Amino acid sequence: MTEAQIDPRILRAPILPRSFYARPTVQVARALLGKILVHDRLGPGFGAERRAAGRIVETEAYLGTADPAAHAYRGVTTRTRVLFGPPGHAYVYLIYGMYNCLNVVAEAEGTAGCVLIRAIEPITSLEGSGSGPGRLTRALGITLKHNGQDLTRGPITIREPIDPEAGPTAVFETAVSPRIGIRQAADWPLRFFVRGNAHVSRSPRRIS
DNA sequence: GCTATGATCATA
DNA sequence: ATGATCATAGCA
C-alpha cells in the first residue's frame, strides 16, 4: 500500500486573509485561480491522508442582487443569508439532489456576491476527479454541513502557494467565457479558467 | 402542507 | 436526451 506523499508546499502555504475576499466579486473570482484549496479533515493534526488539496483552475462569479443567475438575486432567505454575511465564508448548497457546490462569499458584509469553485487540479491524491463543481466537493469531502464556515479558520481553507514558480499552473493565462449551465444572464462573461489546463471542466452549455 | 425547480453528471 | 434525487422557495 503506497502512502500518498503530500506536496510540502501546501503545508507552508499561508491562508488567504479576509481582506482577499472583501473585494468586488469578479476580482475575487480571477484572483482565486492558482490558489490552493485545502480540506483538512482532522483539523491541525498530522493525519496526512486526511488532508485533501488542489489548485483552483476554474471559477465563476455570481453578482448577488444584480445578477438574475445568482441565488441572492431575490434577496435574503434562509438559504442565501450567508451570501449577505461577511466575506471569506463558504456557501455550500445541494444541486439536483446529488451534488454539493462550494462557493466563496465575496464583497463587504451586507453586499451579496460569491464565487463558485468549478475545478481543481489535484495536489494530494483525490478520491475521484476534481473537474466540475459537484465532483470536486465529492473528492474533497465537502458537504452542506460546511455551509457558513469561515475559510480563514478551517478546516476548509484557501491558501497562497508559497512558491509561485513551482507547479504546472504556476504561470498561466486567464481565459474568460460565459458561465456553465445557467439560463438567466447566459451570455455574461463571468467564468474564469486557466487556459489549457487539463482539469478545467468540459460541461456542455445548457440549451433551450 | 404541497409542488416545482435546479450554478450536475453519467450514460446512451 | 434522459434520469437520479432532495433542499429550498413560493404558495395555499
Side-chain angles (χ1 to χ4, degrees), chain A residues 21 23-33 35 37 39 52 54 56-85 87-107 111-122 126-149 151 156 158 174-194 197-208:
Chain A
Y21 303 101
R23 292 185 285 163
T25 306
V26 169
Q27 277 184 40
V28 176
R30 298 189 81 116
L32 279 171
L33 292 181
K35 300 298 188 286
L37 176 61
H39 185 193
I56 297 171
V57 297
E58 181 181 354
T59 63
E60 280 177 0
Y62 286 85
L63 306 183
T65 53
D67 181 357
H71 288 175
Y73 184 57
R74 294 170 201 288
V76 182
T77 66
T78 307
R79 180 171 65 157
T80 63
R81 178 175 40 87
V82 61
L83 292 173
F84 293 84
H89 288 249
Y91 170 57
V92 183
Y93 66 91
L94 181 73
I95 190 67
Y96 300 119
M98 350 175 64
Y99 296 102
N100 296 109
C101 289
L102 171 66
N103 298 251
V104 169
V105 177
E107 306 277 353
T111 301
C114 67
V115 178
L116 172 66
I117 310 300
R118 287 195 56 89
I120 58 172
E121 171 185 345
L126 300 181
E127 299 172 20
S129 168
S131 301
R135 287 165 138 188
L136 82 85
T137 54
R138 193 173 52 187
L140 294 179
I142 294 171
T143 67
L144 277 185
K145 76 183 179 194
H146 298 107
N147 186 40
Q149 281 195 184
L151 297 173
I156 300 171
I158 304 179
T174 298
V176 184
S177 82
R179 295 172 290 185
I180 301 293
I182 58 168
R183 305 182 59 161
Q184 306 296 320
D187 56 343
W188 294 13
L190 294 178
R191 173 174 177 249
F192 306 96
F193 58 97
V194 173
N197 187 281
H199 297 89
V200 170
S201 74
R202 313 233 176 200
S203 307
R205 182 82 175 280
R206 176 174 295 235
I207 48 175
S208 152

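Nothing here was measured: the structure is a model prediction, and the numbers come from that model.
- Partners of A/His71 by side-chain hydrogen bond (donor to acceptor under 3.5 Å, both in side chains), not counting sequence neighbours, listed by chain and number: A/Tyr91.
- Taking CG from A/Leu151 and NE2 from A/His146, the interatomic distance works out to 10.5 Å, rounded to the nearest 0.5 Å.
- For A/Glu107, the side-chain hydrogen bond (donor to acceptor under 3.5 Å, both in side chains) criterion is met by A/Thr25, not counting sequence neighbours.
- Annotation: B/dA10 and C/dA7 have their C1' atoms spaced 22 Å apart (nearest Å).
- Here B/dA7 presents its C1' atom at 6 Å from NE2 of A/His71, a figure rounded to the nearest Å.
- Regarding contacts with the backbone of B/dT8, a side-chain N or O of A/Arg118 is found under 4.0 angstrom from either OP1 or OP2.
- In this structure, of B/dA7, B/dT8, B/dC9, it is B/dA7 that holds the atom nearest to the side chain of A/Cys114.
- Take A/Thr174 and apply the side chain to side chain contact (heavy atoms under 4.5 Å, CB included) test, not counting sequence neighbours, and it matches A/Arg30, A/Leu33, A/Phe172, A/Phe192.
- For A/Ser129, there are no side-chain hydrogen bond (donor to acceptor under 3.5 Å, both in side chains) partners, not counting sequence neighbours.
- A/Lys35 NZ to A/Thr59 OG1: the interatomic distance, rounded to the nearest 0.5 Å, is 11.0 Å.
- Here salt bridge (Lys or Arg N to Asp or Glu O under 4.0 Å) pairs that include residues 56-68 of chain A, with residues two or more places apart or in two chains, are A/Glu58-A/Arg118, A/Glu58-A/Arg191, A/Glu60-A/Arg118, A/Asp67-A/Arg179.
- The stretch residues 97-106 of chain A touches DNA chain C through A/Gly97, A/Met98, each having a heavy atom within less than 4.0 Å of the strand.
- With centres under 5.5 Å and a plane angle under 30°, the ring of A/Tyr62 is stacked against the base of B/dA7.
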Base-pair map of DNA chain B as dot-bracket, where | denotes pairing with a different strand and pairs are Watson-Crick or G-U under 3.5 Å:
||||||.||||.
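- Atoms CG and CZ, from A/Asn147 and A/Arg81 in turn, are 7.5 Å apart once rounded to the nearest 0.5 Å.
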Detail all sub-3.5 Å separations between protein N/O atoms and N/O atoms belonging to nucleotides 3-5 of chain B.
none

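- Separating the CZ atom of A/Arg183 from the P atom of B/dG6 is a distance of 7 Å, rounded to the nearest angstrom.
- Spacing between atom CD1 of A/Ile95 and atom C1' of B/dG6 amounts to 4 Å, rounded to whole angstrom units.
- Rounding to the nearest 0.5 angstrom, the gap separating the CD1 atom in A/Ile56 from the CD1 atom in A/Ile120 is 8.0 Å.
- The CD atom of A/Gln184 sits 10 Å away from the P atom of B/dA7 (whole-angstrom rounding).
- How far OG1 of A/Thr111 is from CG of A/Leu63: 12.0 Å, rounded to the nearest 0.5 Å.
- The distance from the SG atom of A/Cys114 to the OH atom of A/Tyr93 is 8.0 Å, given to the nearest 0.5 Å.
- Between A/Arg135 and B/dA10 there is a side-chain N or O to OP1 or OP2 distance below 4.0 Å.
- We find that CG of A/Leu136 is positioned 12 Å from C1' of B/dA7, with the value rounded to whole Å.
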What is the per-nucleotide protein-contact pattern of nucleotides 7-12 of chain C, from the 5' end, where B denotes a base atom under 4.0 Å from a protein heavy atom, S denotes such proximity for sugar-phosphate atoms only, and - denotes neither?
SSSS--
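- By the side chain to side chain contact (heavy atoms under 4.5 Å, CB included) test, A/Pro68 pairs with A/Tyr73, A/Gln184, A/Ala185, A/Trp188, sequence neighbours left out.
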Donor-acceptor list for residues 133-143 of chain A side chains, cut-off 3.5 Å, not counting sequence neighbours:
unit_1	atom_1	unit_2	atom_2	d
A/Arg135	NH1	A/Ser131	O	3.4
A/Thr137	OG1	A/Asn100	O	2.6
A/Thr137	OG1	A/Pro133	O	3.4
A/Thr137	OG1	A/Gly134	O	3.0
A/Thr143	OG1	A/Lys145	N	3.4

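- For C/dT5 and B/dA12, the P atoms lie 16 Å apart once the distance is rounded to whole Å.
- Every residue meeting the side chain to side chain contact (heavy atoms under 4.5 Å, CB included) condition with A/Ala175, not counting sequence neighbours, appears here in chain and number order: A/Phe193, A/Arg195.
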